[in-house]
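Some notes on the structure that comes next.
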Number of protein chains: 2
Amino acid sequence: MVTIGDIAKAAGVSRSTASYALSGKRAISDGVRRRVRELALELGYTPNAGAKALATSQTMVVGLLAQFFSDEFAPAMLQYMLGVSDTARALGYDTLLVTETDGAHALTRITGSRMVDGVVLLNVAQDDERVPILRSAPQPGALVGMPGDCSGVDVFDLDFEAAGRLMVEHMHAHGHRELILVSQPEHVVERGGAYVWRLQNAALREARERGIEIHAVFGASRQPEVRQDLHGLLDAHPAATGLLLNNEAAAAALPSVLTARGLRVPEDLSVIGRYSDEFARTFSLPFSSIESAPDRLGEQAVRQLVRRIESPQAREEPPVLRLLAPEFADRGSTGRPPLRP
Amino acid sequence: MVTIGDIAKAAGVSRSTASYALSGKRAISDGVRRRVRELALELGYTPNAGAKALATSQTMVVGLLAQFFSDEFAPAMLQYMLGVSDTARALGYDTLLVTETDGAHALTRITGSRMVDGVVLLNVAQDDERVPILRSAPQPGALVGMPGDCSGVDVFDLDFEAAGRLMVEHMHAHGHRELILVSQPEHVVERGGAYVWRLQNAALREARERGIEIHAVFGASRQPEVRQDLHGLLDAHPAATGLLLNNEAAAAALPSVLTARGLRVPEDLSVIGRYSDEFARTFSLPFSSIESAPDRLGEQAVRQLVRRIESPQAREEPPVLRLLAPEFADRGSTGRPPLRP
DNA sequence: CTGAAAGCGCTTACAG
DNA sequence: CTGAAAGCGCTTACAG
């Protein structure tokens, strides 16, 4: 392995001079700088990351804690991960991916050992046991998803309340007066997926104010159960003219359910989902949706994290809570309710 | 930050004694060992990863290079990643995730700087520019996917030739004599996705030997194009009674195409895909398939990688090329061809 | 503009 | 069974 000592020797200078010539952190004569840089290139010198981290207390790595629950719909997760990893790289950081089930334990390990300069938590629950650990860790942390207690960490999430209102408003504007709202499975809520409540409660309130009836239910997160759920719901509420989906698996399953029942969208049923554009394309979903913007949320979380990492002032700023305003991606799946005989 | 020096001081022993008491690498009196370990726990001591890496030349991190092309179907990728990351953790390693477009550059960086003890390459192409870099890197490497030149690295992949034969044999056994094979898009092949050829060529040869006609074509990898492709194919070859899919996007789109055409499986059309069981569940696909086993391939790659990392003898062994025998997951989508009028 | 030296936090031969 | 010391490969005050 070629070290900075080798470069220094070859260039006939001291190691400190070689180091400075490479980093540019102090004035070095033109000739020396050029010679050192050439030699570094020529000998294929790459600084040893461990040594650098030890000397500078900076690893240039961010931790990414993802959690995959068997009762959750995994494909949606990938986009958050890529949002984080791509942004981190663009800012000069590598990404340590942690998929351990015991996220709290893993977090203790990677922060305690100083493997990372900061951490992004994905899929944060209401009462997430990782959050207090992150809060008392020496590195800054950013969350995607909102915990009950947001103190001491930066939080980024979709504004689910606004999303719930928007869905109802939109349906109301088209003249719908009876809706079905399919949320994530009850397990997700019990585990602390508060966003389910946030959307649902806001939708219910908005509906009440507008004189709309909503049947709010949990749906399964896997096939084929969720398909049965959808059939059951449509059977149980034949007068409902609009369907709101805060459940990716339900959205993915809906086209085949509609076909099986011979229902056209929006002529027979209006539909609004909550998922990303990428998700819509992958699953070929023709339904308008509230964009969940996983890539943007991942990106924002990393940008803020890196600000805190790199600037001592930024580190002292009070924590931010940024809720992304929902955007309506119109795919033409909402219209006037059908005339009932 | 609490260091081993703090532990040593608190325990009233030298740093080396503290280190040995913790690592167990040499005999330490019972009392001292207990005292040191208790103090370490009490003070919340976690060894500094950078310092440890510098001293031992071991980072306990493996690199995972994933590539996401816009014309490829991303959800299939996640399972490989989880297979790698979960197995690595089980063996005591963390995972550095690299999603950079310029994989060759990224590989040079993480191996040159000694951030990782070994590397797993995903989505390897026929003439993958990352492979020669990995070959001459000081760390061992394992590939998921087969390059043209397998020397110097361990290679794990599905046996796509056997898969192609198996698909045809199975259809033949049911009495089919005219098939359609939908492969990945031409871009994938051009970029060097040799597995497309491996499966297709084997299928064609097997078909020739058995007197079966195959229409082999490339399909799009995105919605809604792939849907049009499927319609076009079924229109163009009305006498074909079996459909083979080496294209995840096509498999995901097929149910809606079948419904639209009023085709039942297997009464009107027999279908065999090539994808994972997890994929089948996520997309609710009722088609029998050759299991692509992403989790198992990721796991095998990491296990072999860690063997090489940890054992000097293992590192000297000749490279392995392990092709996973295809397994047929029967979901009842193949049967006798329909009687034609 | 440059060099000698200390230090980051570990591990591990070397000595006793 | 234990300690003092060297060394891993960097960076960065300190001196000149």
Side-chain angles (χ1 to χ4, degrees), chain A residues 1-37 39-40 43-61 109-117 138-139 310, chain B residues 1-37 39-40 43-61 109-117 138-139 310:
Chain A
M1 151 156 219
V2 32
T3 72
I4 197 159
D6 300 329
I7 305 293
K9 197 176 295 170
V13 299
S14 72
R15 298 189 323 173
S16 62
T17 300
S19 175
Y20 284 120
L22 256 17
S23 70
K25 285 192 184 170
R26 82 174 179 193
I28 296 283
S29 69
D30 256 33
V32 170
R33 183 170 350 100
R34 204 168 318 137
R35 198 142 38 91
V36 167
R37 296 198 170 184
L39 281 164
L43 303 183
Y45 168 69
T46 316
N48 181 292
K52 203 165 187 171
L54 188 56
T56 62
S57 303
Q58 281 241 318
T59 63
M60 301 309 285
V61 175
R109 177 166 45 83
I110 67 170
T111 56
S113 65
R114 303 295 200 283
M115 298 179 80
V116 295
D117 294 336
Q139 300 95 335
E310 299 189 341
Chain B
M1 152 155 217
V2 34
T3 73
I4 197 159
D6 301 328
I7 306 292
K9 197 176 296 171
V13 299
S14 72
R15 298 190 322 174
S16 62
T17 300
S19 175
Y20 284 121
L22 256 17
S23 71
K25 285 193 182 169
R26 82 174 178 194
I28 296 284
S29 68
D30 255 33
V32 170
R33 185 174 345 104
R34 206 168 316 137
R35 199 141 37 91
V36 168
R37 297 198 170 182
L39 281 163
L43 303 183
Y45 169 68
T46 315
N48 180 293
K52 202 165 188 171
L54 187 56
T56 62
S57 302
Q58 282 240 318
T59 63
M60 302 308 284
V61 174
R109 177 166 45 84
I110 67 170
T111 57
S113 65
R114 302 296 201 283
M115 297 179 80
V116 295
D117 294 336
Q139 299 97 333
E310 299 189 342

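The chains referred to below are lettered A, B, ... by the order of the sequence lines, with proteins before strands, and numbering in each begins at 1.
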> Looking at the side chain of B:Ala55, which of C:dT2, D:dC10, D:dG7 is the nearest nucleotide?
Replying inline: D:dG7
> When the distance from OH of B:Tyr45 to C1' of C:dG9 is rounded to whole Å, what number comes out?
Replying inline: 7 Å
> For the atom pair CE (B:Met115) and CG (A:Asn48), what is the distance rounded to the nearest 0.5 Å?
Replying inline: 10.5 Å
> If each of B:Pro47 and A:Arg33 is mapped to the nucleotide of DNA chain C with the nearest heavy atom, which maps nearer the 5' terminus, i.e. the 5' end?
Replying inline: A:Arg33
> Is the shortest side-chain N/O distance from B:Thr56 to OP1 or OP2 of D:dC8 below 4.0 Å?
Replying inline: no
> To the nearest 0.5 Å, what is the distance between OG1 (B:Thr111) and CG (B:Asp117)?
Replying inline: 12.0 Å
> Distance from B:Arg37 atom CZ to B:Leu22 atom CG, nearest 0.5 Å?
Replying inline: 6.5 Å
> With nearest nucleotides of DNA chain C determined for A:Arg15 and B:Arg15 from heavy-atom distances, which residue corresponds to the more 5′ nucleotide?
Replying inline: A:Arg15
> Whole-Å distance between C:dG9 C1' and A:Asn48 CG?
Replying inline: 14 Å
Would you tabulate the pairs of protein nitrogen or oxygen atoms and nucleotide nitrogen or oxygen atoms of nucleotides 13-16 of chain D closer than 3.5 angstrom?
from, atom 1, to, atom 2, distance (Å)
D:dA13, N7, A:Tyr20, OH, 3.2
D:dA13, N6, A:Tyr20, OH, 3.3
D:dC14, N4, A:Arg26, NH1, 3.3

> At what distance, to the nearest 0.5 angstrom, does CE of B:Met60 lie from CD of B:Glu310?
Replying inline: 6.0 Å
>> Checking B:Ser14 against B:Thr17: is there a side-chain donor and acceptor pair closer than 3.5 Å?
In response: yes
> Are B:Lys52 and B:Gln58 close enough that some pair of their side-chain heavy atoms sits under 4.5 Å apart?
Replying inline: no
>> Nearest 0.5 angstrom please: A:Ile7 CD1 to A:Ser19 OG, how far?
In response: 11.5 Å
>> Whole angstroms only, please: what is the CG-C1' distance between A:Leu54 and C:dT11?
In response: 13 Å
> Within this structure, what is the CE-to-C1' distance between B:Met115 and D:dG9, rounded to whole angstrom?
Replying inline: 15 Å
> Quick one: is C:dT12 close enough that its OP1 or OP2 comes under 4.0 Å of any side-chain N or O from B:Lys25?
Replying inline: yes
> Between A:Leu22 (CG) and C:dT2 (C1'), how many Å, whole number?
Replying inline: 16 Å
> Across all strands, who's sitting opposite C:dA15 as a Watson-Crick or G-U wobble pair, both distances under 3.5 Å?
Replying inline: D:dT2
>> For residues 5-27 of chain A, which residue pairs pass the salt bridge (Lys or Arg N to Asp or Glu O under 4.0 Å) check, not counting sequence neighbours?
In response: none
> Residues from residues 4-14 of chain A sitting under 4.0 Å of DNA chain C, heavy atoms only?
Replying inline: A:Val13, A:Ser14
>> Without decimals, in angstroms, what is the distance between B:Ile28 CD1 and C:dT11 C1'?
In response: 13 Å
> Does A:Arg33 use its side chain to pair, donor to acceptor, with the backbone of A:Ala21 at less than 3.5 Å?
Replying inline: no
> Hey, does B:Ser19 reach any base, or is it just sugar-phosphate, or nothing, if we go heavy atoms under 4.0 Å?
Replying inline: base
